Amino acid sequence: MRPLARPRRRTLLAASAAAPALLGSSPAAAPAAAAGMPDAATVAREVRAEFLHSWEGYKRAAWGYDEVRPVSGGHNDFFAPGHTFGLSIVEALDTLWLMELDEEVRLSADWIEQHFDPAPDARVQVFEAVIRLVGGLLAGYLCTGRPALLDRCRQLADRLLPAFTRSPTGLPYRYVNLRTGAVEGRTSPLAEIGTNILEFGTLSRLTRDARYQDAAKRAYRAVIDRRSSLGLLGTTLDVESGRWTDTTSCAPNPPVDSFLEYLWAGGELLGDAELSAWYRMVTDAVLKHQLDRYGCHWFAQVDYATGARRDRQLSELGSFYAGLLGKGGDLQLARDHYTCWTGLLDLYGVLPEVLDYETGKVRSARNDLRPEYVNSSFDLWRLTGEDGFRQSAYRYFRGLRANLRVPGGYTVAEDVTASPMRLGDLTPGYWFAENPKYLYLMFAAAPRFDYRSGLLSTEGKLLRGAVRTG
Ligand code: DMJ
């Protein structure tokens, strides 16, 4: 397939001067964008076909391993060398179910029942194990009703709990050995501390065992208690002393990003008014001290105590924030921020990982097949019903298909500014949970998804809104 035409090295500033309509217009009013987008049912079929293309690539080259290397045909152990959790299978489970690929669901759930080991002698990153494995098993259980998935989920969560319970502050350690319970990693970023209340809250409800949700809530409270007088939070904490080790408020960028997302979503899913109030408080502080209308609607990194600016960096991971702003009630700002990201998408075809929005320089030209931009498209389309969000999501999809599709599936890129783009050799597990799912749900009118109440985790796991019949 021919790569999309992309600009040569241009700065963002030059780009915004050259294409003001892209960086300043509403996505709903982008007529040129509509050209070339097939009807919704056709797009849904295209997305499902591309998902299957990558799924078959994984099955052919790496079935049972965590991740496939679709160019070389190799595989990758995501959590610990020499150990597999069948990550891509767990990640894909609810996507396969939503796409009504029932034979694949059965194969995948059978593999998990027979091979998934929740207690190997391996050190895992708690955050990744929660959002990917605990979340994936939960969603798989909620979609299929297979009790073994909930059993494995609970066994794994029990092995992760020492990260929380052995901490003197309640702030979780970053790593735990699933067999021995040994904990490690005392300096932890907020996303890793706070992105667990959806999974642990759901597990507590399903098992009627409050320990999981209580651990998650205690961790959140320990962070909120350490906010500055401006209401801002830093980036990393020492989980033993409880002191900040990095006092930059870098939200909504990583490694804070989903900490904010789970404040809102935790309030919504669990009906926890305290989480909702914390979301509002931190969001108000971020909007007051970090919103930076420099060329567009971006968010600067600032000192959490004084609000003084430290950097003007944009991470692709931060593009989820447009959707979160919308869900949290700041819809106009959500539209403005989304439009800024859409301008970048249209400039590059495939988003680079990190940019400096002051100088316009690309700081990392990688693309890790990340889903955050299209996650926002999905959220804002659900909120507003406006077709402009589907049009921009379709352009995102087309950019990936034209540039990152290989015979063995879809791969990350080393450099999206090179022509043609320089490709890497990995399909990250989250690909099977996120990008194709958001796109499919936007276009498919999927009968198994409750569009009104459906709630997805930060890893795209369906934690509420699975419509099961029969
Ligand atoms: C995913 O694992 C999740 O979306 C997480 O919240 C952070 N981003 C990665 C993919 O980019």
Side-chain angles (χ1 to χ4, degrees), residues 54 66-67 76 78-79 85 87-95 124-139 172 174 188-200 216 219-220 235 250-266 269 314-324 327 341 344-345 350-355 364 366-379 393 396 399-400 404 410-413 416 424 426-439 441 455-463:
S54 57
D66 282 339
E67 294 175 320
N76 179 49
F78 176 80
F79 287 97
F85 292 83
L87 173 64
S88 294
I89 297 174
V90 180
E91 296 265 32
L93 202 47
D94 64 334
T95 311
V124 301
Q125 195 173 346
V126 175
F127 161 76
E128 300 290 6
V130 169
I131 65 171
R132 295 163 183 260
L133 297 177
V134 174
L137 293 166
L138 278 174
R174 292 188 75 199
S188 191
L190 295 198
E192 299 194 21
I193 291 169
T195 313
N196 41 62
I197 201 149
L198 295 190
E199 293 80 4
F200 279 4
Y220 251 134
T235 297
C250 72
N253 285 299
V256 170
D257 45 359
S258 47
F259 179 92
L260 296 184
E261 182 182 356
Y262 272 33
L263 281 177
W264 177 82
L269 182 71
L314 279 178
S315 163
E316 191 281 342
L317 284 119
S319 60
F320 84 99
Y321 197 47
L324 179 60
K327 290 185 290 191
W341 278 108
L344 291 177
L345 175 71
V350 172
L351 286 168
E353 178 88 351
V354 185
L355 297 118
S364 166
R366 294 186 56 78
N367 179 284
D368 280 313
L369 276 178
R370 292 196 187 277
E372 286 77 13
Y373 173 83
V374 78
N375 190 349
S376 278
S377 319
F378 172 65
D379 287 341
Y396 164 90
L400 296 188
L404 306 188
Y410 272 73
T411 187
V412 299
V416 300
L426 185 70
T427 311
Y430 51 73
W431 164 266
F432 294 108
E434 299 200 65
N435 328 43
K437 182 187 285 154
Y438 303 134
L439 285 159
L441 293 177
L455 191 138
L456 305 177
S457 75
T458 191
E459 190 76 0
K461 307 300 183 196
L462 183 57
L463 297 183

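The first residue of the sequence shown is numbered 1, and numbering continues consecutively from there. Atoms within each ligand, like the ligands themselves, are counted from 1 in listed order. On a predicted model such as this, the values are computed, not experimentally measured, just so you know. Any value given below was found using the heavy atoms of this structure, including those in side chains, with hydrogens, waters and symmetry copies removed.
- Of the N or O atoms in E459, one or more lie within a sub-3.5 Å distance of an N or O in ligand 1.
- For ligand 1, the atoms closer than 4.0 angstrom to any heavy atom of E434 are 1 (C), 3 (C), 4 (O).
- Each of P254, P371, P252, S258 was evaluated against F320; a single residue qualifies, P252, per the side chain to side chain contact (heavy atoms under 4.5 Å, CB included) test.
- A side-chain N or O of Y262 and one of E199 form a donor-acceptor pair less than 3.5 Å apart.
- Residue R132 approaches ligand 1 through these ligand atoms, each under 4.0 Å from one of its heavy atoms: 2 (O).
- Ion pairing between a basic and an acidic side chain is recognised when a charged N comes within 4.0 Å of a carboxylate O; E316 and R366 show no such pairing.
- When L87, L426, D66 are each tested for a side chain to side chain contact (heavy atoms under 4.5 Å, CB included) with N76, only one passes: L426.
- Distances below 4.0 Å separate heavy atoms of P371 from the following atoms of ligand 1: 10 (C), 11 (O).
- Protein heavy atom at the shortest distance from atom 4 (O) of ligand 1 is T458 O, 2.9 Å.
- Between atom 7 (C) of ligand 1 and the options L369, L317, D368, T195, the minimum heavy-atom separation is to L317.
- Atoms CD and OG1, on E459 and T195 in that order, are 10.5 Å from each other to the nearest 0.5 Å.
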Check the pair D368, Y430 against side-chain hydrogen bond (donor to acceptor under 3.5 Å, both in side chains), reporting the backbone distance first and the verdict last.
CA-CA 10 Å; D368 280 313; Y430 51 73; 5.1 Å; no
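- Between E372, K461, R370, E261, it is E372 that holds the heavy atom closest to atom 8 (N) of ligand 1.
- Under 4.0 Å from ligand 1, not a single heavy atom of P428 appears.
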